[in-house]
Structure formats: structure tokens, C-alpha cells
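Below: one structure, written as C-alpha cells.
Letters A, B, ... mirror the listed sequences (proteins, then strands); counts begin at 1.
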Protein chains: 2
Amino acid sequence: MPPRRPTQRDIAERAGVSTATVSYVLSGRRGGAKPPPPETRERVLRAVAETGYQLDHAARSLRRQRTDVVALMYPAPSSPWSDRLAEELQVAAAGRGFAVVALPVITGASTAAILRVLKQRYIDGAVLLPDCPLDGAELAALAAQGCSLVVFDDDLEPGGFDVVRQDRASACRAAVERLIGAGHRRVAFLAHADEHGGALADVKMRSYTDGLVAHGIAVDPELVRPVADSRSDAYAAVRDLLRRPEPPTALLSATDRAAVDGIWAARDLGVAVPDQLAVIGIGNIPEGLMISPALTTVGAAALDFSREVARLFERLDASAPLPGVELAATWELITRASG
Amino acid sequence: MPPRRPTQRDIAERAGVSTATVSYVLSGRRGGAKPPPPETRERVLRAVAETGYQLDHAARSLRRQRTDVVALMYPAPSSPWSDRLAEELQVAAAGRGFAVVALPVITGASTAAILRVLKQRYIDGAVLLPDCPLDGAELAALAAQGCSLVVFDDDLEPGGFDVVRQDRASACRAAVERLIGAGHRRVAFLAHADEHGGALADVKMRSYTDGLVAHGIAVDPELVRPVADSRSDAYAAVRDLLRRPEPPTALLSATDRAAVDGIWAARDLGVAVPDQLAVIGIGNIPEGLMISPALTTVGAAALDFSREVARLFERLDASAPLPGVELAATWELITRASG
DNA sequence: CTGAAAGCGCTTACAG
DNA sequence: CTGAAAGCGCTTACAG
């Protein structure tokens with residue numbers, strides 16, 4: 001049987017003071033009035049040390065109507081972007097006494113439990129990376145209940161929450177234009193698999209097809225492969241494409257990882273990149289810089305979320321609700337050597 | 001001003017029932033007695049729908065003395081392993097009404113806030129991946145307070161919590177033995193950088209040095225490079241090593257990623273792997289299967305945490321505290337083509 | 001300077 | 001079948 005956790009009442013008895021005094025000592029807070037004198041303070045702290053007392057988060061949250069916890073929500077699996085944001089958030093949060101919890105959203109698994117974390121006030125605020133499963137109405141409802149939200153989304157209008165614009169569609173389209181502008185007519189596309197579908201997958205696919213069609217190029221279904229989410233599938237698909245009688249001369253990939261695998265496949269077949277096969281990825285992951293030739297890609301230019309993090313804490317610190325604003329974190333075509 | 005969140009009292013008034021009835025309807029729980037009849041039920045549910053009522057997590061947790069939240073703690077950055085465990089945990093949790101929060105521990109940032117999440121009963125239980133910043137005494141204290149814990153660790157004894165053994169030291173040592181057994185005498189080591197130090201970094205380094213010394217081979221400081229945590233540094237370091245007058249004939253890397261970069265560097269210099277340079281990584285990430293030649297590595301054989309996840313929920317479901325047990329998830333030398 | 005007391009929003013034995 | 005009431009462990013205006 002685990003012994004009952006000590007409460008402030010236990011500490012108070014042990015130290016011969018009231019629970020109010022215990023709370024004042026522990027919180028250091030005292031609404032303007034003087035703090036308890038050192039002697040009282042010490043008795044309390046000694047009792048805390050002796051019993052191993054720990055604050056009860058639920059009780060404090062209920063009473064104070066805030067949790068001092070913020071969340072980072074993102075579609076799983078994690079990425080260098082979500083990792084970096086988690087780090088920046090945690091550094092900023094530590095200085096203000098906030099804890100950070102990450103909420104990876106598993107595709108396919110039920111999202112009910114994870115949405116409960118937001119709706120039932122487990123947390124005071126959150127940063128939502130792109131493609132989280134919440135619509136504008138749900139976000140507005142959360143904001144109206146006092147949840148501080150910074151949301152990465154290219155379509156939503158701010159409304160009690162802030163929206164970070166990446167303009168991913170334009171950047172993806174620029175990649176297609178670059179390939180066609182360089183004279184490519186047979187452009188292959190490594191698409192997301194169906195089970196990794198979603199808004200962004202659609203944006204990527206539409207950028208590809210719209211780009212081709214806008215230049216009078218028919219979309220050849222043979223050149224579109226749903227392999228962008230699997231390294232081994234991507235490698236095999238590109239090898240297969242390059243061995244065809246009429247191989248593609250350019251490759252756009254929905255993920256940088258698959259693009260890198262494509263470059264490997266090309267290298268292993270003796271196909272020169274970019275001369276015989278131009279390759280452009282999407283996402284701008286660090287690995288793209290490591291391969292030779294370095295990967296041309298589409299994505300955010302810098303691994304830096306300081307503005308978004310700062311904005312979240314502005315919201316949390318504000319005494320009155322802040323209006324929703326738009327922040328720009330625009331995706332760009334990042335031209336390197338591969339295409 | 002955000003309107004006050006509706007409470008069960010508001011729902012009760014609106015539906016013309018008591019708060020007790022509201023609670024019974026919402027929880028579906030009723031200690032054996034009959035549930036409220038459909039008519040009452042409907043009135044309550046209508047009021048809930050009209051007001052957008054959401055349960056208050058803090059109040060419920062305080063009253064029920066459980067949170068229905070479990071955590072996954074792991075040293076950042078995330079990895080295929082932490083991603084996979086998050087997924088398995090979430091699937092298992094969803095079926096039982098539990099939410100999952102991830103707690104990435106940022107090296108360098110203060111761990112105080114994150115430890116509070118465990119100690120202040122923010123959660124009912126957690127899986128701790130290797131190298132989390134909690135010692136045996138802290139874990140025992142948490143367990144004694146009723147927190148269900150499954151801890152990956154090679155040294156700790158179970159004590160109110162379960163311990164998952166990986167035996168990483170033996171597996172790392174086996175990698176060194178394999179290289180030396182194959183006749184290699186000049187074995188380079190890509191070590192962790194100092195800032196990525198920790199117990200595992202030490203285990204890896206010791207396996208390397210002890211292995212060499214056990215076979216009468218002096219450790220050449222020139223062959224040890226602290227580059228395993230940076231892809232670009234690893235690539236450059238291996239290129240540099242291979243250009244030396246007396247290049248190494250084998251390479252052990254503290255991370256698979258750096259090992260893969262090493263293979264790239266070798267390929268780019270025309271050095272054959274494994275004939276001119278045998279390469280072994282540590283970690284068994286999926287990427288190791290993608291490179292050619294496939295990476296020999298050290299790690300868990302399968303990306304499968306079902307036993308650990310099941311055990312966590314066994315603990316959570318148990319009416320009385322369970323004794324701590326050891327689970328085996330032993331690391332192995334996984335022999336592929338590179339070394 | 002300190003304490004008694006109310007109350008945050010739930011759940012659940014218990015009485016009717 | 002339903003409701004009044006206690007209480008989970010805190011914080012904080014308020015009284016002394």
C-alpha cells in the first residue's frame with residue numbers, strides 16, 4: 001500500500017502553522033503583504049523536506065484556474081522541426097515556471113483523447129504545428145474559453161488565436177515552375193501514400209499537377225508514385241523509373257527523405273544528378289545538406305521558432321484576451337545543387 | 001472577456017436535475033445502481049450540446065485521484081524509437097480512455113519543470129526511455145506515491161517500478177569484438193560530443209577502449225572523433241581519417257546516422273565498404289537498411305514495445321501495487337553488409 | 001503577522 | 001430513481 005501523500009495540512013500540523021502559511025511559504029506569493037518571517041519559513045521548509053511533500057497539481061490548478069503547462073501538438077512522426085520547436089518552447093517555458101508537454105497526433109489512432117487534453121483544460125496554451133486535426137470552429141471555441149493558441153495554418157483566419165502563415169502552396173508551385181522552366185517535360189512525382197494523406201499531401205499533389213497542366217504538359221500516371229513516406233519504397237521506385245525506356249529527367253518529391261533516397265538510387269545507377277535527373281524535395285530537413293549534390297528543396301529557410309514561442313507567452317501573460325494576428329513564416333524554394 | 005466556462009451546475013439547472021445526475025449521465029458510471037432513464041439522460045445531453053460543456057480535468061482529477069493521462073519521457077531529440085513507442089502507447093491508451101503526453105527532455109535545459117509533471121501527479125504513469133534524468137531514489141519515491149512506472153535502464157534494480165533491460169554494454173562490446181576478430185587493428189571511433197554525453201555515451205566509449213585494450217591494441221587518440229551527433233561533422237571527420245597516411249580499416253560509430261555519413265564519405269572517396277573500411281553503427285535506425293552496403297549495427301532487433309506498453313497498463317489497472325519486475329529487450333549485434 | 005473559512009468543479013456514498 | 005452534501009487539496013481575500 002502506498003502511504004498517503006502528505007498534504008499541506010500535514011505540513012501545517014508538523015510545523016505548527018496554518019495551511020495558509022504553508023501555502024504562502026511554498027508559493028512565495030502573498031498579494032502585496034509581507035512574506036512570513038524566516039523562522040516560520042524554516043519550520044515549514046523543514047517539514048516539507050522531512051515528509052517529501054509535493055504540491056498536488058490538480059488541486060492547485062482547480063483553485064488557480066491555470067495549469068502552468070503548455071503543449072506542442074504536431075502530426076507524428078516527429079521531425080527536426082517539431083524537435084526544434086519542442087526545444088525552444090521548453091527553454092522559454094522553464095524561465096517562466098511552465099512545463100511543456102508534446103502531443104504527437106498519430107494518424108489513424110483516435111484523436112479523441114488528445115483533443116480532450118486541449119478541451120478539458122489540461123493546459124493553458126499550445127502551439128499547433130501544421131495539419132493538426134482541429135478546425136476553425138474548434139479553435140475558436142478553445143480560444144473563447146481562455147486557451148492561448150498559436151496555430152500554423154495556411155487557410156484559417158485568426159480569431160482569438162494567432163495564425164502562422166507558411167504559404168506552402170506557393171512554394172511548392174515554385175519548385176514545379178523551376179523544373180519546367182529548366183526545360184523538363186518528364187517530371188516524376190513521389191507522392192505521399194494514401195494513409196499519410198491530408199491537407200498538405202493534397203497541396204503538394206495539386207502543385208505538381210496544376211504546374212504541369214499550366215504549361216500544357218499531360219500528367220503521366222506512370223510518373224506518380226505514392227512512395228514518399230517510405231525510404232525503401234522511394235529508392236525502389238526511383239530505380240524503377242530510371243530504368244524505363246523513357247525515364248524522367250526531373251523528380252519532385254513530397255518529402256526530402258524520399259528525395260534523398262532518389263538521389264542515392266540515381267547515383268547507384270550511374271545517373272548524374274542534376275544533369276540527367278534534377279531532384280527537388282519538400283520540407284528542408286538537415287539531411288538534404290549532407291547528400292551530394294546538396295538537395296534543392298522547399299521549406300522554411302531557418303530552423304527558428306522564436307517569434308512563435310514569444311507570441312504564445314505574450315498571450316499567456318496578457319491580462320485581457322489578445323486579438324488574433326497573423327505571423328509570417330513563409331516557405332521558400334531553397335536552391336541548392338540537385339535541381 | 002471569455003464567457004465563463006459552463007459547469008455541471010449550469011447543466012443541472014438547464015436540465016432541471018441535480019449535479020449528481022449530470023455527473024452520472026456524463027460518466028456512465030453509477031456504482032452498480034441503475035443509470036438515469038433515457039428521458040433524463042436526453043435532457044442532460046441536450047443541455048451539454050447547447051452549452052458546449054466540457055468536463056474540467058483538474059476538478060475531476062482532484063476528486064477521483066487519478067488523471068487518466070500517461071506520459072512517455074525520453075531524451076530529445078526524438079528518434080524512430082521514441083516515435084514508435086509514442087504510437088504504440090497512444091493506440092493502447094485510446095482504448096482505455098487514457099491520453100498520452102510526450103515529455104522530451106532537452107539536454108541543457110532545466111529538468112525541474114519536467115520532473116514536476118511526474119512528481120506533482122500530473123499523470124498516472126509513464127514509460128521512461130533510456131537515459132532519463134531520474135535516479136533510483138526518485139523513481140522509488142514516485143512509485144511509492146502510486147505512480148506507475150516502466151523504466152528502461154541497464155543498472156537500476158526494480159523497486160515498485162519495472163525495469164526494462166537492454167544490456168547495451170554487452171552489445172556494444174560485441175561490435176568491437178567483431179571488428180577486432182576480423183583482424184582489424186586500426187579501428188576509428190566516432191564518439192558522442194561532450195554536450196551529448198551521459199551514461200550511454202560512456203558505455204559506448206568504454207566498450208571501444210576496453211575492447212581494444214583487451215586485445216593489446218593501444219587507443220590512438222587520432223582515431224577518436226567527437227562527431228557522432230552531427231551529420232556534417234561525421235562526414236568531414238571520416239573523409240579526413242581516410243586521407244591520412246595510415247587510414248583506419250574499420251570504423252565504429254556511436255550513432256547509426258554518423259555511420260551512414262561515414263559510408264557516404266568512403267563511397268565518395270572510392271573506398272570500398274566493407275573491404276577497405278568495415279563500418280558498424282550503434283542504434284539500429286531504419287536508415288541503416290537503406291544505405292548500400294546495409295549497415296551492420298547494434299540495437300534492439302525489433303521496433304516493438306508491446307510488452308512494455310502492456311505492462312504499464314497492467315500496473316495502472318492493478319488494484320494493489322505490483323512488485324517491480326525485469327523485462328528483457330536485449331540489444332544485439334545486427335550483422336549486415338557493412339562490417 | 002497568522003489563521004479560519006470559502007470555494008475552485010467535480011464524484012460518490014448516502015438518505016429519501 | 002434522484003438529490004443534498006461532503007470532500008478531494010489547494011489558494012486567497014478577509015478578519016483578527
For nucleotides 6-12 of chain C, just jot down a letter per nucleotide in 5' to 3' order: B, S or -, based on protein non-hydrogen atoms under 4.0 Å.
BBBBBBB
Any base atoms under 4.0 Å from B/T40, or only sugar-phosphate, or nothing? Heavy atoms, all strands.
sugar-phosphate
A/D317 bridged to A/R96 by N-O distance under 4.0 Å:
yes
If you count heavy atoms of other groups shown closer than 6.0 angstrom to CZ of A/R165, is the number above 12?
yes
Flag the pair A/V127 / A/Y74 as yes when at least one side-chain heavy-atom distance between them is below 4.5 Å, and no otherwise.
no
Taking the basic N atoms (NZ, or NE/NH1/NH2) and the acidic carboxylate oxygens, is any pair closer than 4.0 Å for A/R9 and A/E13?
no
Residues passing the side-chain contact (heavy atoms from CB on, under 4.5 Å) test with B/R14, sequence neighbours excluded, are B/A47, B/E50, B/T51
Could you go through B/L312 and B/S148, starting from their C-alpha distance and side-chain angles, then the distance that decides it, and tell me whether this counts as side-chain contact (heavy atoms from CB on, under 4.5 Å)?
CA-CA 7 Å; B/L312 178 66; B/S148 295; 4.2 Å; yes
Can you give me the dot-bracket string for DNA chain C, 5' to 3', counting Watson-Crick and G-U wobble pairs with both distances under 3.5 Å, using [ ] for crossing pairs and | for partners on another strand?
|||.||||||||.|||
Taking it one step at a time, do B/Q90 and A/I114 satisfy side-chain contact (heavy atoms from CB on, under 4.5 Å)?
CA-CA 9 Å; B/Q90 208 155 117; A/I114 215 162; 3.9 Å; yes
May I ask you to say whether B/E308 pairs ionically with B/R311, meaning some side-chain N is under 4.0 Å from a carboxylate O?
no
